[in-house]
Amino acid sequence: MPKKKIIEEEAKLPSCPPEIVKELAAQKGVSPEAVYWAIEEALKRALINNLKSGNDADVVAKIDRISGAIYVAQRKKVMMDKDITDDFLEVSYEEVNRGLKEPLFKVGDYYDIPFPVEDMKRGFAMAVKYALSAKMGEVERAALYDMYKDHIGEMATGIVERVDERAVTISLGRASVALSHKEMIGDEFFKVGESVKVYIQEVQSPHEEGKPDRGPQIQVTRSSTGFLKRLFELEIQEVYDGTVVIKGIARHAGVRSKVAVYSNNEDVDPTGACIGPGGSRIQKVVSQLGNSKEKEKIDIIPYSDSIGLYIAESLRPAQVVGVAIEEEDEDGLKKADVIVKDDQYAVAVGRKGSNVHLASELTGYKLDIVTESDALADGIAFTPIEQLKAEAETAAKEKEKALYAEKSRKEAAKRAEEEAAKKAAEENAKALEEAKKAEEAKKAEEAALKAKKEEERVEEVVKVKTTTSLESLEKELEKAKEKKTVSTEKRKKPRKITEEEVEHVKPSEAATSAATALPIYSDEELEEIEQEDSLDEDTDYSDIDLADYDSYYDSEK
């Protein structure tokens, strides 16, 4: 049920500023949220102790992530009076709603009773302090576990902090680990402050069911095969980049180790790459295998798919004559008899049987070393080492042929795929080109049709129906031109006649003529004629093109 508050005031506890939380988180190497969780859990534990109710009390503690305000309260479940069985965990419905117009709480809700400031005495603050220390320890252990659990199987370098009879304590930075003598290489020893490489073998969770929380159990070692493999990766570049693959390791730390290697590049010798010129590379690895008086010996074994040859190579430095592989027994145990020269028996077995035990561990077969004379006496049928090598060489060639055939097949398939893709691309390009040409032809046809229609429209507009010959048209044009010239000359202003050219009439004759003749114009008309004559005399006709008037007269005809 959702919790409701009847009192909104927060308990008057000291605040928890976010700046302090972030600083503490940085110091401890944990997240700020983990620190808030630790403080809240410490407040809960302190309040439970203050209420003196054992672990039965239901309390709540919250810290505002922005303001840092702290809220602490005891929580009780709202119940009807008749159903209350524990006053410490339950509260009456009538009590929490008393004095309210409408009930604020209903049965099943939770009612918070904030812890009053006057009850927070010095003992409460000390309880918070001790609880916080414990919770912060839990937070740190959880953080260490989360960090180191992702580094299982890796090499780490630490500083020796303490040396005692049981173990060597090494600091890895945030965590201190114990390196027991069992996990050391032979009888090596360390001094305080010395740098040492370790291999993180296991990280156990700090939370185990039925056990109290403790720090994450980080188990480190120097005697495992994983430690040796990481040294090879650190010191030999071909192993690091994957050109040379470590197929198996069998190790008796401080005494002898056997490392089976295989090359992914036929041009790289795996054993030569690991040993190096004059054994320089393998010596770098051996130099880091402790400071015992007797250094650990490492045999580099070439891995082979032929189990017989692999067994023979695993017994190096002993010289093997032949191998007889037996069938698996009912328990699935694989056995093989290894035939060696009589004088090579001790070398094949090794000191305290270390050589044959490591070879068995490396190959996965239980190996019995048999001298050549005993094998002949007992009638043991074995495959000679020369035959094993020849069979392995033949198998390698067959494998190489198969790989080459597979490679050729893949290349041919790839070429066919590329050619098909190229052909498809060409066909697509051709189809696109044809489509482009068809589109261009269509556009050209549409343009030609449009031009033809435009030409026909223009011809219809400018077309003239002709009924006469060209010669007739030319004659008519000439006549029209002559007419225009004549009409223009006729309409030119007559030359002004001088007084000398006019025959003067005597006054008496003019008067007699005027008296006897009838008047043609009235006096008003004569006056208008005189005005028009005066205007004509003042007008300049030189700039007037009388051809404009010809069209007027021509039109009247």
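For this chain, numbers begin at 1 and follow the sequence in order. As the structure is a prediction and not an experimental result, all values here were calculated from the model.
- Test K297, R316, K258 against N355 for side-chain hydrogen bond (donor to acceptor under 3.5 Å, both in side chains) and you get one pass: K258.
- Taking the centre of each ring, Y310 and Y303 come in below the 6.0 Å mark.
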Exercise. Would Y148 and V177 count as a side chain to side chain contact (heavy atoms under 4.5 Å, CB included) if you check the C-alpha gap in whole Å, the side-chain angles of each, and the deciding distance to 0.1 Å?
Worked result: CA-CA 12 Å; Y148 284 101; V177 297; over 6 Å; no
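- In terms of heavy-atom proximity, V21 sits nearest to C16 at CG2-SG, 3.5 Å.
- Distance CD1/I159 to CG/L172: 9.5 Å, rounded to 0.5 Å.
- Atom CZ of residue R75 and atom CG of residue D112 lie 5.0 Å apart, to the nearest 0.5 angstrom.
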Exercise. Going through the distances and angles, do V72 and V60 end up as a side chain to side chain contact (heavy atoms under 4.5 Å, CB included)?
Worked result: CA-CA 6 Å; V72 182; V60 58; over 6 Å; no
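- With Y262 as the aromatic partner, K247 meets the cation-pi criteria of under 6.0 angstrom to the ring centre and within 45 degrees of the ring axis.
- The two residues L289 and R222 come nearest to each other via the heavy atoms C-NH2, 4.4 Å.
- Residue D187 comes nearest to K293 through the heavy atom pair OD1-N, 4.3 Å, listed as atom of the first residue, atom of the second, then distance.
- For R351, the CZ atom sits in a loose shell: 12 or fewer heavy atoms of surrounding residues, nucleotides or ligands are nearer than 6.0 Å.
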For this session: Any chance you could lay out the side chain to side chain contact (heavy atoms under 4.5 Å, CB included) test for L47 and L43, step after step, and finish with the verdict?
Result: CA-CA 6 Å; L47 181 55; L43 288 168; over 6 Å; no
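- For the pair M184 and L179, the tightest heavy-atom approach, listed with the atom from each and the gap, is CE-O, 3.5 Å.
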For this session: Run the numbers on Y93 and F105 for ring-ring contact (aromatic ring centres under 6.0 Å, His included), then give the verdict.
Result: CA-CA 7 Å; Y93 171 84; F105 295 91; 9.2 Å; no
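- Here the SG-CZ distance, from C274 to R281, works out to 8.0 Å after rounding to the nearest 0.5 Å.
- Pairing each heavy atom of G242 with each of N264, the nearest pair is O-ND2, 3.1 Å.
- In terms of modelled atom types and a separation under 3.5 Å, the side chain of S171 and the main chain of G158 share no donor-acceptor contact.
- In this structure, NZ on K197 lies 7.5 Å from CZ on F227, to the nearest 0.5 angstrom.
- A heavy-atom distance below 4.5 Å is found between the side chains of V259 and L228.
- Annotation: E326, atom CD; neighbour count of heavy atoms from other residues, nucleotides and ligands within 6.0 Å is above 12.
- Two residues are said to be in side-chain contact when any heavy atoms from C-beta on lie closer than 4.5 Å; V198 and M155 fail this criterion.
- A donor-acceptor pair is defined here as one N or O able to donate and one able to accept, closer than 3.5 Å; such a pair exists between the side chain of E194 and the backbone of K191.
- Here the side chains of R230 and Y199 are in contact, with some heavy-atom distance below 4.5 Å.
- In this structure, L388 CG and E313 CD are separated by 10.0 Å, a value rounded to the nearest 0.5 Å.
- Annotation: K295, atom NZ; neighbour count of heavy atoms from other residues, nucleotides and ligands within 6.0 Å is above 12.
- With a 6.0 Å radius and a threshold of 12 heavy atoms from other residues, nucleotides or ligands, E94 has its CD atom above the threshold.
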